[in-house]
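This one's a predicted model, so the numbers in the text were calculated from it and none came from an experiment.
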Amino acid sequence: MRFARIAVALILSAVSVVQAQRKCGSNPSASEILLAEKDFQAQAAALPASRVQALAATIRVHFHVIASSTALSGGYVPDSQIAAQINVLNQDFAGTGLSFTLVNTTRTINSSWFQSAAPSTSQQTAMKRALRRGGAADLNIYSVGFKSGSGAGLLGYATFPSSYTGNSLDDGVVILYSSVPGGTTTPFNLGQTATHEVGHWVGLYHTFQGGCSATGDQVSDTPPEASPASGCPTGRDTCSGGGVDPIHNFMDYSNDACMDNFTPGQITRLRSQLLTYRGLSV
């Protein structure tokens with residue numbers, strides 16, 4: 001009996017140190033990236049470096065709260081948390097040339113959308129067709145529950161700039177309602193889920209995209225990374241010769257409190273993506 005108790009204690013101890021894992025639904029295939037990058041490189045070649053470096057823009061944000069009830073536990077995010085989320089976006093994107101301003105908020109009670117909206121589902125298509133506002137340069141953020149179906153357990157997902165022309169109504173960012181600042185999804189409740197997903201919306205891939213391959217995330221100053229980070233594993237190095245993994249980068253999977261930067265290369269890329277695909281100008 002004593003040994004059984006010890007075994008149970010060891011199992012519980014092991015479970016207690018398992019890190020929560022960020023789960024993002026923005027995972028383009030290698031073939032999709034190849035096509036997108038071919039088009040981007042062809043168009044970006046015509047952009048003068050001076051235009052890219054001079055880009056400064058205020059992104060208009062349309063925030064759509066999707067809920068199953070008017071209770072906070074049902075996804076009914078209050079104005080105070082939305083304002084805090086916009087503040088986090090402005091803090092995290094400081095230095096990129098981008099700022100964010102909230103222009104309107106909608107609230108919709110729809111249990112089906114709240115529970116089951118996810119990439120390529122009928123729920124998310126209906127949600128976006130009903131609610132999306134603005135043009136290519138307008139950021140639409142939808143907060144949902146990710147409770148069931150293919151999106152169960154997601155923290156968020158987003159579209160990329162290059163896909164706007166082909167499906168403009170699909171454009172935007174979808175996040176877990178409890179990932180906003182003050183939410184209940186610890187350790188992902190400081191607002192960096194939205195930062196991460198907006199990073200995709202402005203054209204950035206995950207830092208671990210492509211693993212240890214030479215192209216990786218298409219940015220030269222993010223060290224290659226074989227797999228997503230979990231927690232905040234200081235000194236982690238999964239690809240030999242490229243430097244320690246960029247666990248503090250907003251485009252990794254680390255805990256919110258661990259994330260604190262975009263690299264200069266990522267900033268150049270996102271500016272070029274916005275100039276190319278989202279109609280922004282200097």
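- Only one option out of F146, F63, F114 pairs with Y177 in a ring pair (Phe, Tyr, Trp, His ring centres under 6.0 Å); it is F114.
- Between the side chain of N110 and the backbone N or O of I66, no donor-acceptor pair lies under 3.5 Å.
- Taking every heavy atom of both residues into account, S26 and E197 meet most closely at OG-OE1, 3.4 Å.
- The main-chain N or O of G134 is found under 3.5 Å from a side-chain atom of R132 such that the two form a donor-acceptor pair.
- Of all heavy-atom pairs spanning P119 and L154, the tightest one is CD-CD1, 4.0 Å.
- Ionic pairing of R269 and E37 is present here: one or more N-O contacts between side-chain nitrogen and carboxylate oxygen are shorter than 4.0 angstrom.
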**Item:** Residues D170, T159; criterion side-chain hydrogen bond (donor to acceptor under 3.5 Å, both in side chains); working and verdict
**Value:** CA-CA 7 Å; D170 190 49; T159 58; 5.6 Å; no
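- D171 has its side chain out of reach of K128: every pair of non-hydrogen atoms, C-beta onward, lies at least 4.5 Å apart.
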**Item:** Verdict with supporting geometry, C24 and H200, side-chain contact (heavy atoms from CB on, under 4.5 Å)
**Value:** CA-CA 10 Å; C24 169; H200 290 313; 3.5 Å; yes
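- Side chains of S116 and S148: a donor-acceptor N/O pair is present below 3.5 angstrom, by distance only.
- At least one donor-acceptor pair closer than 3.5 Å links the side chain of Y164 to the backbone N or O of A136.
- Nearest heavy-atom pair, V244 versus G235, reported as atom, atom and distance to 0.1 Å: CG1-O, 4.1 Å.
- Between the side chain of T121 and the backbone N or O of A117, no donor-acceptor pair lies under 3.5 Å.
- Checking each of V77, V198, T193 against I175 for a side-chain contact (heavy atoms from CB on, under 4.5 Å) leaves exactly one that passes, namely T193.
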**Request:** Walk me through it: do Q53 and R271 pass the test side-chain contact (heavy atoms from CB on, under 4.5 Å)?
**Result:** CA-CA 8 Å; Q53 294 304 314; R271 288 173 172 171; 3.5 Å; yes
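- Each of Q218, Q266, Q273 was compared with L204 under the side-chain contact (heavy atoms from CB on, under 4.5 Å) criterion, and only Q266 meets it.
- Residues P78 and L72 are in side-chain contact: their nearest non-hydrogen atoms beyond the backbone lie under 4.5 Å apart.
- Note that CG of L139 and CZ of R60 are 11.5 Å apart. Values are rounded to the nearest 0.5 Å.
- For the atom pair OG1 (T105) and CD1 (I86), the distance works out to 8.0 Å, reported to the nearest 0.5 Å.
- Ring pair F160/Y205 is tilted by interplanar angle, where 30° to 60° counts as tilted.
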**Prompt:** What's the verdict on side-chain contact (heavy atoms from CB on, under 4.5 Å) for D245 and D237, showing C-alpha distance, side-chain angles and the deciding distance?
**Reply:** CA-CA 5 Å; D245 293 355; D237 188 358; 4.2 Å; yes
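- No side-chain donor from either of R236 and S230 sits under 3.5 Å from a side-chain acceptor of the other.
- With L190 as the fixed residue, the side-chain contact (heavy atoms from CB on, under 4.5 Å) test singles out one of N255, T185, T195, D256: D256.
- Here the options are N249, T263, D217, D252, the test is side-chain hydrogen bond (donor to acceptor under 3.5 Å, both in side chains), and the partner is T222; only D217 passes.
- At least one donor-acceptor pair closer than 3.5 Å links the side chain of R133 to the backbone N or O of L131.
- In this structure a side-chain-to-backbone donor-acceptor pair under 3.5 Å is present from N90 to F100.
- For Y157 and Q124, the side-chain atoms include at least one donor-acceptor pair closer than 3.5 Å.
- Side-chain N or O atoms of D138 include one that pairs as donor or acceptor with a backbone N or O of G135 at under 3.5 Å.
- In the hydrophobic clustering of ILVMFWY residues, with side-chain heavy atoms under 4.5 Å counting as a link, V180 and W113 come out together.
- Of all non-hydrogen atoms in I247 and S254, the two that sit nearest each other are O-OG, 2.6 Å.
- The closest donor-acceptor contact from the side chain of Y277 to the backbone of F40 lies under 3.5 Å.
- Between the side chain of H248 and the backbone N or O of C258, at least one donor-acceptor pair lies under 3.5 Å.
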**Message:** Between D92 and H196, does the side-chain contact (heavy atoms from CB on, under 4.5 Å) criterion hold? Intermediate values first, please.
**Reply:** CA-CA 10 Å; D92 291 349; H196 178 98; over 6 Å; no
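- Residues G74 and S69 come closest through the heavy atom pair CA-OG, 3.6 Å.
- L280 and A137 get closest at one heavy-atom pair: CD2-CB, 3.7 Å.
- Taking CG of L102 as the start and CD1 of I59 as the end, the distance is 13.5 Å to the nearest 0.5 Å.
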